[in-house]
Number of protein chains: 2
Amino acid sequence: MKVFKIPEATVMRLSVYSRYLYQLGREGVETVSSGDIAKGVGVSSAQVRKDLAYFGEFGTRGVGYKVEELYNHIIKILGLDQQWNVMIVGAGKLGSALALYQGFAERGFNITTVLDVDENIIGTKLGNIEVEPLEVLETRVKERNITIGVVAVPASAAQDVTDQLIKAGVKAILNFSPRVLKVPREVVLRNVDLSVNLEVLSFNLVFNS
Amino acid sequence: MKVFKIPEATVMRLSVYSRYLYQLGREGVETVSSGDIAKGVGVSSAQVRKDLAYFGEFGTRGVGYKVEELYNHIIKILGLDQQWNVMIVGAGKLGSALALYQGFAERGFNITTVLDVDENIIGTKLGNIEVEPLEVLETRVKERNITIGVVAVPASAAQDVTDQLIKAGVKAILNFSPRVLKVPREVVLRNVDLSVNLEVLSFNLVFNS
DNA sequence: AGCATTTTGTGAAAAAAATATCTATTATTT
DNA sequence: AAATAATAGATATTTTTTTCACAAAATGCT
């Protein structure tokens with residue numbers, strides 16, 4: 001069990017750093033300073049060092065960090081050195097888009113299963129994944145060793161689907177529905193509310209003027 | 001110009017409160033306490049009151065808040081009492097899903113235009129919006145009075161599209177590409193990185209076990 | 001070799017955010 | 001009408017997060 005608590009903001013920044021490092025690596029850059037990273041991703045250099053300090057010492061004073069080495073460290077920290085099997089529930093607009101989104105596979109997220117209740121959608125293909133009926137949820141979670149469930153159903157069905165996912169043994173839930181979900185403490189939950197994002201923009205447009 | 005700085009977390013929570021209040025309103029509930037809201041959305045009651053206190057006094061001691069009244073206040077605060085015209089650039093999987101997503105229109109976001117560079121996509125219809133070529137960006141922003149631009153293009157094109165949007169007069173950018181964008185200070189920018197969310201889950205799965 | 005330069009890692013300080021506590025109002029009950 | 005209960009709003013406290021600033025290490029230059 002964890003000893004230190006890592007700020008969520010730190011984890012999110014690590015993800016961003018890793019992407020920047022990947023880019024640098026492809027450009028052939030071998031060494032990078034906290035200041036360079038800071039500039040590249042828009043934070044302070046102290047912030048970069050503080051974030052990394054939670055996990056160890058990865059740099060050399062006076063020199064900086066080896067791009068590839070630091071990248072590998074962060075990938076390991078984020079748990080991206082392993083494959084995660086993912087199930088998406090809901091193959092509407094959003095669910096389909098997520099299923100087809102290439103960015104996930106690149107980071108080790110293996111979308112193995114997509115479910116829906118709509119007869120017209122079941123049986124259709126998203127890339128090479130066939131949409132299956134909700135009934136197979138538990139079977140698939142178990143036989144495909146799925147740890148992460150993505151909830152992309154309407155708000156009204158969200159809690160029910162979540163309960164089913166948890167009962168089937170999923171360990172983490174990414175919720176795209178605009179509904180506050182109840183999950184047991186040991187299940188990791190994250191909410192992505194697309195409207196909220198636009199609304200924060202709207203607020204700032206009104207408030208800053 | 002703003003005098004107090006409002007925490008972004010507060011703004012996001014207001015958005016969540018508003019949705020909960022809307023739900024309560026439909027259920028016929030007339031009055032609600034900060035404790036009720038807190039329970040409904042999973043925060044503390046003090047947090048609810050604190051968030052609201054940034055903007056005024058909306059309740060009655062010993063009684064609570066009138067649901068409809070508070071809802072209207074929050075909608076006003078968030079700037080959702082007006083229509084915002086939105087352009088989506090990039091009609092790939094994600095851009096299309098966003099264009100078709102009903103949740104935006106419900107909150108006053110009017111997606112008027114969708115652009116892409118791909119010949120095969122231009123001319124196709126998303127709902128009742130026809131995808132147009134990138135060339136019309138500036139014209140459309142001006143003639144349709146577009147304030148919000150959504151960047152849903154690959155990372156490599158993101159900054160270029162952003163620059164064009166800003167040059168055309170857009171005031172806020174919602175960025176779905178995994179790229180750190182540079183924008184002038186007066187332009188409101190928000191990043192939504194779908195992979196980051198899965199990666200935070202992954203981190204927690206590894207770290208909490 | 002010594003000195004200047006760079007840059008990390010870190011403890012301390014500051015700022016921001018969340019939580020807890022207290023006070024004032026309103027409504028209700030006795 | 002007084003006492004009690006509920007609850008917002010304000011204030012104080014605590015916790016968390018960020019920023020600052022500097023000693024320690026590594027490199028390179030003279």
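Quick note on labels: first sequence line is chain A, next is B, and so on, each numbered from 1.
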Can I get a per-line list of side-chain donor-acceptor pairs under 3.5 Å for residues 193-203 of chain B, giving both atom names and the distance, sequence neighbours left out?
from: B:Asp193; atom 1: OD1; to: A:Arg19; atom 2: NH2; distance (Å): 3.3
from: B:Asp193; atom 1: OD1; to: B:Ser195; atom 2: N; distance (Å): 3.1
from: B:Asp193; atom 1: OD1; to: B:Val196; atom 2: N; distance (Å): 3.2
from: B:Asp193; atom 1: OD2; to: A:Arg19; atom 2: NH1; distance (Å): 2.7
from: B:Asp193; atom 1: OD2; to: A:Arg19; atom 2: NH2; distance (Å): 3.1
from: B:Asn197; atom 1: OD1; to: A:Arg190; atom 2: NE; distance (Å): 3.0
from: B:Asn197; atom 1: OD1; to: A:Arg190; atom 2: NH2; distance (Å): 3.1
from: B:Asn197; atom 1: ND2; to: B:Asp193; atom 2: O; distance (Å): 3.1
from: B:Glu199; atom 1: OE1; to: A:Ser15; atom 2: OG; distance (Å): 2.6
from: B:Glu199; atom 1: OE1; to: A:Arg107; atom 2: NH2; distance (Å): 3.1
from: B:Glu199; atom 1: OE2; to: A:Arg107; atom 2: NE; distance (Å): 2.6
from: B:Glu199; atom 1: OE2; to: A:Arg107; atom 2: NH2; distance (Å): 3.4
from: B:Ser202; atom 1: OG; to: A:Leu78; atom 2: O; distance (Å): 2.5
from: B:Ser202; atom 1: OG; to: A:Gly79; atom 2: O; distance (Å): 3.3
from: B:Ser202; atom 1: OG; to: A:Trp84; atom 2: NE1; distance (Å): 3.0

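- Across the protein-nucleic acid pair, B:Lys66 atom NZ and D:dT7 atom C1' stand 16 Å apart, rounded to whole Å.
- Within residues 15-40 of chain A, no residue has any heavy atom closer than 4.0 Å to DNA chain D.
- When the side-chain nitrogen and oxygen atoms of A:Tyr65 are compared with OP1 and OP2 of D:dA26, none of them lie within a distance under 4.0 Å.
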Generate the contact string for nucleotides 16-21 of chain D. Rules: B means base contact, S means sugar-phosphate contact only, - means no protein heavy atom under 4.0 Å. -SSBBB
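- Protein atom CD of B:Glu57 is 11 Å distant from nucleotide atom P of D:dT11, rounded to whole Å.
- Across the protein-nucleic acid pair, A:Glu69 atom CD and C:dT8 atom P stand 14 Å apart, rounded to whole Å.
- Residues A:Leu115 and A:Val131 come closest through the heavy atom pair C-CG1, 4.1 Å.
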Short heteroatom pairs, N/O only, protein and nucleotides 26-30 of chain C, under 3.5 Å:
from: C:dT26; atom 1: O4'; to: B:Arg61; atom 2: O; distance (Å): 3.2

Sequence neighbours left out, cut at 3.5 Å: what donor-acceptor pairs do the side chains of residues 25-37 of chain B make with other protein atoms?
from: B:Ser33; atom 1: OG; to: B:Gly35; atom 2: N; distance (Å): 3.3
from: B:Ser33; atom 1: OG; to: B:Asp36; atom 2: N; distance (Å): 3.1
from: B:Ser33; atom 1: OG; to: B:Asp36; atom 2: OD1; distance (Å): 3.4
from: B:Ser33; atom 1: OG; to: B:Asp36; atom 2: OD2; distance (Å): 3.3
from: B:Ser34; atom 1: OG; to: B:Arg49; atom 2: NH1; distance (Å): 3.0
from: B:Asp36; atom 1: OD2; to: B:Ser33; atom 2: N; distance (Å): 3.1

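- Results of the side chain to side chain donor-acceptor pair (under 3.5 Å) test with B:Arg144 over B:Thr112, B:Thr113, B:Thr139 single out B:Thr113 as the only residue that passes.
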Compile the donor-acceptor pairs under 3.5 Å between side chains in residues 86-102 of chain B and protein atoms, sequence neighbours left out, one pair per line.
from: B:Ser96; atom 1: OG; to: B:Ala91; atom 2: O; distance (Å): 3.0
from: B:Ser96; atom 1: OG; to: B:Gly92; atom 2: O; distance (Å): 2.5
from: B:Gln102; atom 1: NE2; to: B:Leu100; atom 2: O; distance (Å): 3.1

